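Here is the structure we will look at, set down as structure tokens.
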Amino acid sequence: MSDQITDRKAKLDKIRALGVDPYGTRFPNVTSHADIRAAAEGLRIEAGQISAEPAACCRAAGRIVLYRDIGSLIFMTVRDRSGELQFGLSKKMLLEATEGRRDEGTKGSNAARVARFSTLDFRNTLDEGTRSVEPVPRRAGGEDAGLGAPAPQDPTVPWKVAKLLDLGDIVGVAGRLGRTKTGELTLWAEQFSLLSKAVRPPPEKYHGLTDIEARYRRRYVDLAANPVSQRVFILRARIIDHIRDVLRRRAFIEVETPVLQPIYGGAAARPFLTHHNTLDQDLYLRISPELYLKRCLVGGLERVYEFARCFRNEGISPRHNPEFTMLELYQAYGDYHDMMDLTEEIVSGAARDLIGSMTIPFGDQEIDYTPPWPRRKYADLFAEHVGFPLTDMAKVRERARQLLEQKATTLDERKADDEIVVNALFEHYVERHLVNPTFVLDYPASLCPLTKRHPQDPSVALRFELFISGMEIGNAYSELNDPAVQHETFSRQLRGEEGETMAVMDEDYVEALECGLPPAGGLGLGIDRLVMLLTGSPSIRDVILFPLQRPQALA
RNA sequence: GAGGGCGUAGCUCAGUCGGUAGAGCAACGGCCUUUUAAGCCGUGGGUCCAGGGUUCGAGUCCCUGCGCCCUCACCA
């Protein structure tokens, strides 16, 4: 039992004894701190002054991150999602303002008071939708926190409540902008409302929350205490917005396909198994949305995409989370070259528009996203980095045996087909060298059961994977649309890792192809990994709000 | 799954050779109308991750377990 929590709960009682609800309600017409700062530029307030301009009246809210009580004057640094702003509370000023309102309480309407504090008239760029441009009159006895309270009030109450504030509390203020004698922009409160009392103390104000486990388990504390963490998730949202913009311009439509699937497919991975009680049916959480999205193309939707949460029952690492988000899209009448162009536009555009730089550091690397990116053939890269051609199976298998001896792989080449062994070497020797964005194209066909074959060389599939910083970021095909070939590749079980196959027979999918799948390019992009790269986050858990953690008894 | 590292106050961290558990921030009491991680005076706060062992004595050494991080394997 923490003393600090006890102390703070005691303050709750004191605040309630003053007739104030420590958990406020609506606080309308708030201007973001960033917008207040921008507007204050135009007011030209001198140091040590409080502006008399009507435009200097505004309302703001946020969480107290610093609190400096210097007697009859309190300064607090308050954070909203746009930034920080200093609120100033003066005992004398609050008292006079509260007395003034009590006197006019019998004649002035609540709406009029709200209007008085809504005069900052500029477009609120961050806040459209929550800030009403027109003051919104509430019904008599409105619900606005603090402001809606019955007018007659002991004028000393606001100051008494202010003295009971703690770091982490959420407050709202209505007042006038000024500058202190050191020039710091300050919102001097004529009214203030306690909107939410925090009964748990925030982390240390300078270092924030640094314990990695605590940041994942209690992400709300991490977000509140560490603006850099907020920035990652804001950027993640903007990256997704950016992708939607690109696809919208190209007439793609966003669709949703099943997460619960009776047959899993579209990738090689172990699935999660679940069960529907009423149907008494086993179901898999999807490992990929691919087969459903291509059914949409059969139906004529032509250009579809999905931000698909996928689930793979595999190991966890800084680059792997059991659930992750993949953008998949399909474009009728296109091929994998179109997908390369689109991928370049999406990723390099995000770097340019959202990060503002075509080179972004990742770990100790500096990644250059400037298009066009190299487009290298799988076989060429293999020969270059492994040292002999991938057709030399004697050498390939010999090298694979060496890797197994060194425990650098678990693949036993004696139990695996040629292409599987080749690919194991590729993954071990080649991928780590692909630091700047690189398209690897023309994979061995048997690794790609859903991909169209090269017209001149049926051993090669029209597929590329995109690598950045040694990570696979994207994967795209010229989609296989011949139902007979599809049926055959589904039937042919490639020998690889135990319990895994490259594809599972999906009769309904083959039947869909028999109805006619237009030739198409398809693309999968790993959103989490893309966000890692663009935000410089070394672990996938840094870009997933609530990463899976083993359960732990709460302290 | 294998190997390595870490776990001390609400938070950030010290803790020597095995000898009474420490600091800053936060908290509590007091002072302060221009602070900027405010300052000054005073005070309280510990299942040293858990369990076992060695020892006169364990935060420290050993074993087991739990959690997290890293590397490797699997995987995208």
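The model shown is predicted, which means the values in this text are computed figures rather than measured ones. Letters go in sequence order (proteins before strands), and every chain restarts at 1.
Taking the six-membered ring where the residue is Trp, A:H385 and A:H433 present parallel rings, their angle staying beneath 30° rather than reaching 60°. Below 30°, between 30° and 60°, or above 60°: for A:F490 and A:Y509 the angle between ring planes is between 30° and 60°, a tilted geometry.
As judged by a 4.0 angstrom heavy-atom cut-off over every strand, A:N313 is placed among residues making no nucleic acid contact. Here A:L66 lies in heavy-atom contact (under 4.0 Å) with sugar-phosphate atoms only. Within the 4.0 angstrom heavy-atom criterion, no nucleotide atom of any strand lies near A:A214. Residue contacts for A:Y216: at a heavy-atom cut-off of 4.0 Å it reaches the sugar-phosphate backbone alone, with no base atom in range. Base contact: A:D69 has a heavy atom under 4.0 Å from a base atom. Within the 4.0 angstrom heavy-atom criterion, base atoms lie near A:K92. Within the 4.0 angstrom heavy-atom criterion, only backbone atoms of the sugar-phosphate kind lie near A:G208; the bases stay farther away. Nucleic acid contact for A:G315: base, since at least one base atom lies under 4.0 Å from a heavy atom of the residue. Within 4.0 Å (heavy atoms only), A:E184 reaches at least one base atom of the nucleic acid.
Distance CG (A:D211) to C1' (B:rC49): 12 Å, rounded to an integer number of Å.
Side-chain atoms of A:S229 and A:D222 form a donor-acceptor pair, as typed in the model, at a separation below 3.5 Å. In summary, the side chains of A:N423 and A:Y378 do present a donor paired with an acceptor at a separation below 3.5 Å, with no hydrogens or angles considered. Judged by distance alone, the side chains of A:N475 and A:R463 do bring a donor and an acceptor atom under 3.5 Å apart. No side-chain donor from either of A:E290 and A:Y292 sits under 3.5 Å from a side-chain acceptor of the other. With hydrogens and angles left out, the side-chain atoms of A:E479 and A:T451 include no donor and acceptor closer than 3.5 Å. Between the side chains of A:R68 and A:Q86, a donor-acceptor pair is found at a separation under 3.5 Å. For the residue pair A:S51 and A:R44, no side-chain donor N or O sits within less than 3.5 Å of a side-chain acceptor on the partner. With 3.5 Å as the limit, one finds no donor-acceptor pair spanning the side chains of A:N313 and A:Y284.
Across the strands present, B:rG46 finds no partner; the criterion is a Watson-Crick or G-U wobble pair with both atom distances under 3.5 angstrom. As the counterpart of B:rG19, B:rC56 is assigned, both hydrogen-bonding distances of the Watson-Crick or G-U wobble pattern falling under 3.5 Å. Base pairing of B:rG24 is made with B:rC11, judged by Watson-Crick or G-U wobble geometry with both donor-acceptor distances under 3.5 Å. B:rC32 makes up no base pair with any nucleotide shown, lacking Watson-Crick or G-U wobble contacts both under 3.5 Å. Base-pair partner of B:rC68: B:rG5 (Watson-Crick or G-U wobble, both distances under 3.5 Å).
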Show me the protein contacts with nucleotides 23-30 of chain B, counting only N or O atoms at under 3.5 Å.
from   : atom 1 : to     : atom 2 : distance (Å)
B:rC25 : O3'    : A:K205 : NZ     : 3.2
B:rA26 : OP1    : A:K205 : NZ     : 2.6
B:rA26 : O2'    : A:Q4   : OE1    : 3.2
B:rA26 : N3     : A:Q4   : NE2    : 2.9
B:rA27 : O4'    : A:Q4   : OE1    : 3.4
B:rA27 : O2'    : A:D7   : OD2    : 2.4
B:rC28 : OP1    : A:K11  : NZ     : 2.8

Could you pull out the protein-nucleic contacts involving nucleotides 64-67 of chain B (nitrogen or oxygen on both sides, under 3.5 Å)?
from   : atom 1 : to     : atom 2 : distance (Å)
B:rG67 : OP1    : A:R550 : NE     : 3.2
B:rG67 : O3'    : A:R217 : NH2    : 2.9
B:rG67 : O2'    : A:E213 : OE1    : 3.3
B:rG67 : O2'    : A:E213 : OE2    : 2.3
B:rG67 : O2'    : A:R217 : NH2    : 3.2
B:rG67 : O2'    : A:Q552 : NE2    : 3.3

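OP1 or OP2 of B:rC69 has at least one side-chain nitrogen or oxygen of A:R541 nearer than 4.0 Å. One finds a side-chain N or O of A:R68 lying less than 4.0 angstrom from the OP1 or OP2 phosphate oxygen of B:rA38. For B:rC74, one of the phosphate oxygens OP1 or OP2 lies less than 4.0 angstrom from a side-chain nitrogen or oxygen of A:T409. An OP1 or OP2 oxygen of B:rU12 is reached within less than 4.0 angstrom by a side-chain nitrogen or oxygen of A:T210.
Taking 3.5 Å as the limit, the base of B:rU35 and the side chain of A:Q86 contain a donor-acceptor pair of atoms between them. Residue A:T180 places a side-chain atom within donor-acceptor reach of the base of B:rU36, judged by atom type and a 3.5 Å distance cut-off alone.
Closest contact between the side chain of A:I540 and the listed nucleotides B:rC32, B:rA76, B:rU12 involves B:rA76. Listed nucleotides: B:rU35, B:rA73, B:rU34. Nearest to the side chain of A:W188: B:rU34. The side chain of A:F324 lies closest to B:rA76 when the candidates are B:rU34, B:rA76, B:rC72.
Listed by chain and residue number, nothing satisfies the salt bridge (charged side-chain N to carboxylate O under 4.0 Å, His left out) test with A:R63 (two or more places apart in sequence, or in another chain).
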